[in-house]
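Note on naming: letters A, B, ... go to the chains in the order of the sequence lines (proteins, then strands), and numbering restarts at 1 for each one.
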Amino acid sequence: MNVFIVETDKTGLQKFYKEIIGKFETYAPVEKFGKYDYKKVSKLDECDPDSPIEMTMSVKPLFFPKTAKVMKFREDNTGTTVSETDEDPLTGQRVILGVKHCDARGLQVLDQVYKWDYIDTDYQKRRENTLIISTRCDKAGTQCFCTSLDYDVENSDAHDIRIVNGLDGKIYIQAVTQKGEGFVKENLSQQSAVGSQQSLEEIKKHYQLFEASFRLKMNYSEVNAKLQKLFDSLEFETVSSNCISCNTCAFICPTCHCFKITDEKIKDTGVRYKSYDSCNNGYFTLMAGGHNPRPVKYRRWRQRALHKFVYYKERFGMNLCVGCGHCAISCPVNISIFDVVNQVAKI
Amino acid sequence: MDYSKQIQEIASKLFAENKIDYFVGYKQNSFDDSQVPFLITDPAEIPKLVFTDRSVFNLANYLKPDHTKRKRVGLVVKGCDSRALNLMLTESQVKRENVYIIGICCEGVLNEKGEKAQNCVECVMPDPVVYDEMIGTPTGKREYKVNVDIRELATKALEERADYFESIFENCIRCNACRHSCPLCYCAKCCLDQETSTLYHGANTSSGAMHALMTWSLHLAGRCVDCRNCEKACPSHLPLHLLHKQNESVIYENFQQHLAGMEKDDRGAFYKYSLSDPDDFIL
Amino acid sequence: METEVKEAQGKIISAENPDITAPADWQPVIMGILCNWCSYAGSDLTGTSRIQYPPNIRIIRVPCSSRVDPWFIIKSLQTTADGVLISGCHPGDCHYISGNYYARRRFLVTKKLLNFVGYHENRIQFSWVSAAEGPKFAKVVAKVTEDIKKLGPLHRYKKENF
Ligand code: SF4
Ligand code: SF4
Ligand code: SF4
Ligand code: SF4
Ligand code: SF4
């Protein structure tokens, strides 16, 4: 754990943000239709890095966009020619402000699947070229449960820099990774107050208060252990009874990574797209020939719950759910994966 | 408006007389005063049923076979929900003998901010139009008002409107929650599902969203009952009512003041015609 | 909701995006969706009677004007077309008795909604043309082409840039 800390105050932080926005391509939470979403910004007053926890979308679309061109094709009488798309040159440094800790962790989890098997170069490039500045929440949201899972929220290194609103009125800018340290040293002009052990204590104090504010707490290892044997549980039917099988929960989840491939054509040229898909969608497992192994919604919800809490952990050693609670907030009928796994595991 | 007691009594009676297999009502969320739809098959769960001015969902949506498997259902409906149910009955989506309808004379529900929801302020029919049992005092049909947002947008210039709608379509993530939450969107294979329209608009692009939302609203024109279940479901909080209310106002003005689902056996505005329909826009 | 058509010297300005312009000799592409029994036969008659009409229209034949789902129109406008013309039998003459009466209702609502979200209303036009009205078909196509030419190229919501 890196302990390079800079102490500053509200105006100092604002100045830091402004400098970043002036120098780099910056993304930050922006309000639209009453909900927050990470969007490109050119001025600090356009965005709110201290946005409320209830975001419409996670930070995922900046790395794995809701739709991306995979290739272009053209058909003529000589056959089909395939070409690269003009999408995203992916050069230059990007900075994202105001990322929630859970969202940042979500990226770490996503990394596993993107560097396994097939290496998605677009994703890797976006990851390498992005610096993540995270703001620690002061208080947990109603649906948050990040502290109950298999990762250490306090000492997380999923972000490069974290910003903590200390209880003593000071603001602490802490570099967590090497990359973050270099960035702070380079871009923060007033470095007078380099923090010490004292500041670490303050950050810890802030964390304790934050941790105490959680409404939802679970015993992760017990849930995980029990769920492993509960594939045939009938409880899945009860917990999913009011799910309407929309795709919302997967689309807004920071770690869901399923996608579908579609071709679209106008005249003789076309584009192959890759866009989000969700296992809650009734067509998700429909096969050519008409067989669908998950025709009813409780089986689809079982896949969702077990992929999140069992399968991914088995394969990659990380829980696929990071406890952000986005799904419960955005779900039309407020189904929370927290309730689902606890109810199924009967804890 | 708190009818929890009455609903619980009716539900226990129905289960006791073995008249229903499912009961669909509302349940209080544990974390705040909002509610969620609640499907029960076990009479032991009845005490959890509630109904207040936070009971915002259109439960007729749960009559789709995915949810209640064409079994016998006891259902709580408000005025707008009952209009949707009326259409579902007319369109043969449910059998009348399979639903036991508890109609509520609605006094309006609250939106997220705790104010009376816009569609309730503009509601034309707060009383149930189809029911087996009615709770509350009917207040009768009200006058139709053109939606305020529509009137405001209509005064804006074309470009301005287009810019506004572009931002709506850009923010759509094409999750299809709007479609799945609408009781009148029941097609088993939807022409907008990305799996069935891959060759044209399968991707989650903005133009795909525009195509999907416009087609969707036009397939619901003359049928939409303004329950706003779609809008409540949308994770991007898009003002989807603009599309529906625009269609509704054109239909009301031009086609004998048609409002969807108000009468028994009344089909949507596009399932009938009049010889005197406006013709002046046709060359 | 009437929007004025803008004109500039020697250039056509797109009605929906003022920053999109086209040279004065720009030719629009118009999607024509014609019913099999009247309008398509009518357009045939135009041809066999050797009446000239603008070549901007690309014709598709459908069984009846009520076969036209609104998304045909939306798809046309999103891909290649700058405007759409839909034509069917005169009221009372529908081969399927009442198809065009149903269609008429849908057309009105579709036209109004498309205008509401930002298409100039002249981009979507409808006509009744019978099998005997060859000259009328030519006139209708000429008028629609003329109207759409004034509106300039359609850029809003086009698939390639939205
Ligand atoms: S499943 Fe829900 S709580 Fe878990 S990471 Fe996804 S959106 Fe967040
Ligand atoms: S939970 Fe479903 S949508 Fe999400 S990654 Fe797993 S299979 Fe895909
Ligand atoms: S968001 Fe909610 S209703 Fe939609 S699929 Fe997920 S759990 Fe079901
Ligand atoms: S619910 Fe909202 S975001 Fe989802 S498809 Fe419908 S309009 Fe788009
Ligand atoms: S379109 Fe929306 S408002 Fe209209 S009936 Fe369906 S859910 Fe209700």
If you look at every heavy atom in B/E248 and B/C224, which pair is closest and at what distance?
OE2-O, 4.0 Å
Distance only, no hydrogens: is a donor on one side chain within 3.5 Å (strictly under) of an acceptor on the other, for C/D69 and B/H219?
yes
Less than 4.5 Å apart, any side-chain heavy atom of C/F72 and any of C/M31?
no
Can you list every pair that meets ring-ring contact (aromatic ring centres under 6.0 Å, His included) and has a residue in residues 154-185 of chain B, with sequence neighbours left out?
B/F165-C/F116, B/F169-C/Y157
Could you note down all residue pairs passing ring-ring contact (aromatic ring centres under 6.0 Å, His included) where residues 41-61 of chain C supplies at least one of them, sequence neighbours left out?
C/Y53-C/F137
With a 4.5 angstrom heavy-atom cut-off, could you sort out which part of B/S217 is near chain C: side chain, backbone, both or neither?
side chain
Any chance NZ of C/K139 has more than 12 other-residue heavy atoms, nucleotides or ligands included, within less than 6.0 Å?
no
Heavy-atom proximity to chain C below 4.5 Å, by part of B/I168
neither
Chain C heavy atoms under 4.5 Å from B/D163: which part of the residue, side chain, backbone, both or neither?
both
Do any of residues 77-90 of chain B come closer than 4.5 Å to chain C, heavy atom to heavy atom, and if so which ones, in number order?
none
Would you check if there is a donor-acceptor pair between the side chains of B/Q118 and B/N111 at a distance under 3.5 Å?
no
Electrostatic pair C/E146-C/K150, nearest N-O below 4.0 angstrom:
no
So with a 6.0 Å cut-off around CD of B/Q256, is the heavy-atom count from everything else above 12?
yes
Taking heavy atoms only and a threshold strictly under 4.5 Å, list by residue number the residues of residues 80-111 of chain C that touch chain B; give 'none' if the list is empty.
C/P91, C/S98, C/Y101, C/Y102, C/R104, C/R105, C/R106, C/F107, C/L108, C/V109, C/T110, C/K111
For the residue pair B/H241 and B/N119, confirm or rule out a side-chain donor-acceptor distance under 3.5 Å.
no
Crowding at CZ, B/R142 (>12 non-hydrogen neighbours, <6.0 Å):
yes
Given that the side chain runs from C-beta out, which part of C/V129 has a heavy atom under 4.5 Å from chain B: side chain, backbone, both or neither?
neither
Under 4.5 Å heavy-atom distance to chain C, tell me which part of B/A269 shows up: side chain, backbone, both or neither.
both
Closer than 3.5 angstrom, by distance alone: can the side chain of B/N247 be matched with the main-chain N or O of B/H244 as a donor-acceptor pair?
no
